Amino acid sequence: MAALELFNTLSGKVEALQPMGAPALRMYACGPTVYDYGHIGNFRTFLHVDVLRRFLRQQGVAVEHVMNVTDVDDKIIRNALAAGKPIAEYTTRFERAFFEDMEALGIERPEHTPRATEHIPEMVSLIERLAAKDIAYQTEDGSWYFRIARFAGYGKLSKKDLEGIEDGARVDADEYEKDAARDFALWKAVKIGADGVSEPSWQTALGAGRPGWHIECSAMATALLGESFDLHAGGEDLMFPHHENEIAQSESASGHPFARHWMHVRFLLVEGKKMAKSEGNFYTLRDLLLKGHRASAIRYLLLSVPYRHQMNFTFDGLAAATHTIERLRTFHRRMLRGGFATDGVNAAVSAATAKAAGDFTAALANDLNTAEATAAISEMVRAANSAADAGTLTAENAEAVLRVLALFDEIFAVLEDRDEERTRAALAWAEAEGRIREAAPELVAKLALGDSEIEALIAERTQAKNSRNFARADAIRVDLAAKGIVLEDSKDGVRWKRK
RNA sequence: GGCGCGGUACCCAAGUGGUAAGGGAGAGGUCUGCAAAACCUUUAUGCGCCGGUUCGAUCCCGGCCCGCGCCUCCA
């Protein structure tokens, strides 16, 4: 296997990532807080983690991947209250939507996707272990905090020193009583709202309350992967304080190193600006599908810039990604269609194929350089198309090309065209939610035309062409094009596709 | 203020101490009844600016300008 060299935030260096002490590589990635639909920024992170796990498996490394679902937190409580629903009902809906979106984007499901609310006992016992060492302490309101001063390594991940943190930090006004400003909550005592209704809470040995944000990841990672494991990943914003606090809690309790390797995916910009509702450039996956953009193009675009670079998501870029995928799929179909010479091989294509496979793997092994990986494939595509045009591509070449495409698609997963199915699902969802007006009108019209109607029109056009009635033939083609159907005449008949 | 990242053609973007991958877009051409698809040619003497090191720098060092991120339970 090619060793994967991956940047490690903890060491600040690119280092080999390999499983230690277990047959599988154990990794934990911070998952969604299910309080709303996932946006493209969320998915950029999950997509790159997906590439990581797919590449590891391609290289023969088994993966045991945990992604938590945060189903209790302040935003959930606030939104569920506003919606007048119990939090479980509220989160179930968004959790389901999240996994549907993962599926639409071709993101593999991790081996474990634990919910925070199902691991409260583990969190409580972790806090108890900290309390026994006087690292966790209870304040007058019943909440529990972590005593940062007791963890010497605090700041080692985000490269912050405690002084700097305290100087620069704003202190949350309602978090009084703490011993030090940056001590963070492990357990939040139950609060009674102004209306006398209490927030969701669990009655535990720590008192009635709910978990702090960081403790769930420490508890679930430890429960499922052990006290020490190989890799922990997440968005760059989580580096501090979330991951720093996870390390502090976990290592203070266990006395062992927590995750050896840390991977952080940088944020994206949308049309050059930070994505924010106030900027009007905030997009969920569903928003984009309803505008007629394809799930595969979104996946490809979000992966096209390596994870450690800030990427600028633009609609021009999305159009370019759509064209790139079209080209790859057209090429893939051409290779599958066959009809190539059966004797010998085209040496130039063989060389291009071998080079593409090697470059592709080397690019990904080099800190997951997805941009270089896609470039490796493009060079092969041109060589093979060129030879096929010249009639010098053989069946053996085509098979080799298909093997490289399979290698590519095991990671990028865009060749199989399930876009229409996904768009239809998004439309059905919008319909059910009463949000169909948000869908692009031409999209609805496009999908209204069934395959059999299209094929009938194509048959009519072929007849017209045969009787040299080109005016009629062209009219049909133009009409179909307006509905997003593109025709291609070829020696062996007419091919069509939805654009 | 602290920590960090980036400025490469119209857009996105890779990259190396030895003379600029790839994708999209544009232009011209081949093919086609015309298209589409595909292929060919073409689009940075240049990699933010100024110095320095070097035989040689886009790539190393220093300074400057510009943009951006984190330090706010936002991936």
Side-chain angles (χ1 to χ4, degrees), chain A residues 12 29-33 35 38-49 70 73-76 155 158-161 163-165 167-170 172 184-185 212-214 233-242 244-245 264-269 272-277 282 300-301 304-306 308-314 316-328 330-331 333-334 359 363 366 369-379 381-390 465 468 470-471 473-474 477-478 481 486-491 494-497 499:
Chain A
C30 290
T33 299
Y35 68 102
H39 56 69
I40 54 176
N42 294 316
F43 290 117
R44 165 145 137 114
T45 299
F46 299 125
L47 243 5
H48 280 279
V49 171
T70 299
D73 97 316
D74 292 348
K75 290 189 296 289
I76 290 172
S158 53
K159 323 290 179 221
K160 293 180 190 302
D161 58 60
E163 319 261 321
I165 294 168
D167 291 348
R170 283 167 232 186
D172 193 344
F184 58 89
W213 174 35
H214 317 294
E236 63 168 328
D237 61 313
L238 298 180
M239 195 167 94
F240 184 88
H242 183 54
E244 201 71 70
N245 291 351
H264 290 98
V265 181
R266 283 206 72 183
F267 270 15
L268 55 70
L269 263 32
K273 289 184 175 161
K274 181 165 170 140
M275 183 172 72
K277 286 179 178 158
F282 183 94
Y300 190 86
L301 178 60
S304 65
V305 177
R308 275 217 286 155
H309 291 278
Q310 185 175 63
M311 87 157 290
N312 185 12
F313 185 99
T314 66
D316 282 352
L318 195 49
T322 305
H323 287 134
T324 300
I325 290 172
E326 241 349 284
R327 173 177 151 86
L328 287 171
T330 301
F331 175 69
R333 286 192 296 266
R334 184 180 198 181
D359 288 354
N366 178 21
N369 191 333
T370 46
E372 232 185 322
T374 57
I377 298 303
S378 294
E379 292 171 48
V381 171
R382 191 165 8 80
N385 262 329
S386 186
D389 279 1
K465 256 187 15 166
R468 304 198 64 81
F470 293 121
D474 290 352
R477 187 171 61 196
V478 168
V486 180
L487 303 190
E488 282 176 34
D489 292 336
S490 81
K491 283 185 282 295
V494 183
R495 289 193 281 271
W496 67 273
K497 63 188 178 189
K499 200 171 166 65

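Reckoned from all heavy atoms, side chains included, excluding hydrogens, waters and symmetry mates. Letters go in sequence order (proteins before strands), and every chain restarts at 1. No experiment lies behind these values; they were computed from the predicted model shown.
- Salt bridge present: A:Lys497 and A:Glu326 bring a charged side-chain N and a carboxylate O closer than 4.0 Å.
- The side chain of A:Glu379 lies closest to B:rG22 when the candidates are B:rG22, B:rG4, B:rG24.
- Between the CG atom of A:Asp359 and the P atom of B:rG23 there is a distance of 14 Å, given to the nearest Å.
- Between A:Asp73 and A:Trp213, the closest side-chain pair of non-hydrogen atoms is not below 4.5 Å.
- At whole-Å resolution of the value, NE2 in A:His264 and P in B:rC74 are 16 Å apart.
- For A:Phe470, taking side-chain heavy atoms from C-beta onward, the closest of the listed nucleotides B:rA75, B:rG2, B:rG33 is B:rG33.
- Side-chain to base pairing of A:Lys274 with B:rC74: one donor and one acceptor N or O lie within less than 3.5 Å of each other.
- Between the C1' atom of B:rC68 and the CE atom of A:Met311 lies a distance of 15 Å, rounded to the nearest Å.
- OP1 or OP2 of B:rA75 has at least one side-chain nitrogen or oxygen of A:Asn42 nearer than 4.0 Å.
- Separating the CD1 atom of A:Ile40 from the C1' atom of B:rC74 is a distance of 14 Å, rounded to the nearest angstrom.
- Taking a pair to require two hydrogen-bonding distances under 3.5 Å in either a Watson-Crick or a G-U wobble arrangement, B:rC39 pairs with B:rG29.
- Computed from coordinates, the A:Phe267 CZ to B:rU72 P distance equals 14 Å when rounded to whole Å.
- Look at B:rG4: its Watson-Crick or wobble partner, with both distances under 3.5 angstrom, is B:rC68.
- Between B:rG33, B:rA37, B:rA14, one nucleotide has an atom nearer to the side chain of A:Pro306 than all others, and that is B:rA14.
- If you check B:rA75, B:rG69, B:rA36 against the side chain of A:Glu488, the one that comes closest is B:rA36.
- For the pair A:Phe331 CZ and B:rC39 C1', the interatomic distance rounds to 13 Å; values are reported in whole Å.
- Among the heavy atoms of the strands lying under 4.0 Å from A:Arg327 are primed sugar atoms or P, OP1, OP2 only; no base atom is included.
- Residue A:Asp489 places no side-chain atom within donor-acceptor reach of the base of B:rC31, judged by atom type and a 3.5 Å distance cut-off alone.
- Note on A:Ala375: a base of the nucleic acid sits closer than 4.0 angstrom, heavy atoms only.
- Under the 4.5 Å side-chain criterion, counting only non-hydrogen atoms from C-beta, A:His48 is in contact with A:Arg44.
- Side-chain N/O atoms of A:Arg382 include one lying less than 4.0 angstrom from OP1 or OP2 on B:rG22.
- Backbone-only contact: A:Leu238 has heavy atoms under 4.0 Å from sugar-phosphate atoms and none from a base.
- Checking the phosphate oxygens (OP1, OP2) of B:rC74, no side-chain nitrogen or oxygen of A:His39 falls inside 4.0 Å.
- Residue contacts for A:Val265: at a heavy-atom cut-off of 4.0 Å it reaches no nucleic acid atom on any strand shown.
- Between the NE2 atom of A:His323 and the P atom of B:rA37 there is a distance of 8 Å, rounded to whole Å.
- A:His309 has a side-chain polar atom (N or O) that falls below the 4.0 Å cut-off from OP1 or OP2 of B:rA14.
- The partner of B:rC10 is B:rG24, judged by Watson-Crick or G-U wobble contacts that both fall below 3.5 Å.
- Nucleotide B:rU45 is matched to nothing when pairs are restricted to Watson-Crick or G-U wobble geometry with both distances under 3.5 angstrom.
- In this structure, A:Trp496 and A:Glu488 have side chains that are not in contact, with every pair of non-hydrogen atoms separated by 4.5 Å or more.
- Within the structure, a side-chain polar atom (N or O) of A:Lys75 is placed less than 4.0 Å from OP1 or OP2 of B:rC74.
- The aromatic rings of A:His214 and A:Phe184 sit perpendicular to each other, their planes meeting at more than 60°, with 30° as the lower class boundary.
- One N or O donor and one acceptor, one from the side chain of A:Arg477 and one from the base of B:rA35, sit under 3.5 Å apart.
- Comparing B:rA75, B:rG33, B:rC70 by their nearest atom to the side chain of A:Lys160 picks out B:rC70.
- For B:rG33, its base sits under 3.5 Å from the side chain of A:Asp474 at one donor and acceptor pair at least.
- Across the strands present, B:rC34 finds no partner; the criterion is a Watson-Crick or G-U wobble pair with both atom distances under 3.5 angstrom.
- The main-chain N or O of A:Phe267 is never found under 3.5 Å from a side-chain atom of A:Gln310 such that the two would form a donor-acceptor pair.
- For A:Asn369, a side-chain nitrogen or oxygen approaches OP1 or OP2 of B:rG15 to under 4.0 Å.
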